[in-house]
There are 2 protein chains.
Amino acid sequence: MVTTATDVAPPGNPYRDGCPSRRILDRIGDRWTVLVVGALGDGSVRFSELLRRVEGISQKMLTQTLRGLERDGLVARTVFPEVPVRVEYRLTHAGRTLREPLTALREWAVAHLGEVSTSQAAYDTGA
Amino acid sequence: MVTTATDVAPPGNPYRDGCPSRRILDRIGDRWTVLVVGALGDGSVRFSELLRRVEGISQKMLTQTLRGLERDGLVARTVFPEVPVRVEYRLTHAGRTLREPLTALREWAVAHLGEVSTSQAAYDTGA
DNA sequence: CGGAATCCATGTGGATACTG
DNA sequence: CAGTATCCACATGGATTCCG
């Protein structure tokens, strides 16, 4: 059987060039989305708290990532007009559905860390 | 309860700055890895066939993605010294374990395509 | 056929400074 | 506190050309 991009996957086919599902995969595939979604967890989390939870993320990237997720309807942003201002983020229902696949990914990464590192070392030595 | 990056996740903590699991997530988070792994499926696939299956990928990027996966021990490369040369790629056992979480991701993307697009349109209109 | 090498445009993201 | 704005360095990745 000869398989092509046309029939290798169901409708909403990310293998197709123009398919919008590509864009979604691209967004998930940025440096921080996976971690930010994970860091949000079940609760409402403040901006500064997220900044602390996701080590190494800059304030600019956290803002940008949150805006993207908000635009996608995956994160809700609430401003409490106190002084000083308090802003909390939490996953929407749709956002929570994303947690499962992303958690699986993170767990895969952690579980196969050693295996992958070993393989890399062997490859670099000149396999 | 106050949660920090230190206790928000188990050992091999991708939320920690220097953790190697970060690198793995970064690799998965490139433009093509998810699609290439999916396109490999169960079988042995030729380079040119992959190029056709994953629409829009350039030859350079396919090569680069495959090299990365090979280095990680997720893909095996076999050269058949015929004329002209034939090269086939297939997922290793470790590579196949990655398929499940990635498939879940792709399916999430396809399933939530409409929802996300609608939200984006609303956001852009000025929500 | 399956690359490797090169060149170059663009995007991503970090550092810093400033604001409501 | 939670951003916004700017500048800039580097990585990503596309197009093209050449090779075993």
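Everything quoted here is computed from the prediction, not taken from an experiment. In what follows, every chain begins at residue 1, and chains take the letters A, B, ... in the order their sequences are listed. Keep in mind that the numbers below use all heavy atoms, side chains included, and drop hydrogens, waters and symmetry copies.
- Going from atom CG of B:Asp17 over to atom C1' of C:dG14 covers 13 Å, rounded to whole Å.
- If you check C:dC1, C:dG2, D:dA2 against the side chain of B:Phe47, the one that comes closest is C:dG2.
- By the 4.0 Å N-to-carboxylate-O rule, B:Arg90 lies too far from B:Glu88 to be salt-bridged with it.
- The distance from atom CG of A:Asp30 to atom P of D:dT12 is 14 Å, rounded to the nearest whole Å.
- Side chain of A:Lys60, nearest nucleotide from C:dA4, C:dG14, C:dG2: C:dG14.
- Rounded to an integer number of Å, the gap from A:Met61 CE to C:dA15 C1' is 11 Å.
- In this structure, A:Gln64 places its CD atom 11 Å from P of D:dT4, rounding to the nearest Å.
- Here the nucleotide nearest the side chain of A:Arg31, chosen from C:dG14, D:dA2, D:dT4, is C:dG14.
- The pair B:Asp42-B:Arg96 fails the salt-bridge criterion, with no side-chain N (NZ, NE, NH1 or NH2) lying under 4.0 Å from an Asp/Glu carboxylate O.
- With rounding to the nearest 0.5 Å, the separation of CG in A:Leu25 from CG in B:Leu102 is 9.5 Å.
- With rounding to whole Å, B:Ile28 atom CD1 is found 18 Å from D:dT12 atom C1'.
- As a whole-Å value, the separation of A:Arg67 CZ from C:dG13 C1' is 17 Å.
- Within 4.0 Å (heavy atoms only), A:Phe80 reaches no atom of the nucleic acid at all.
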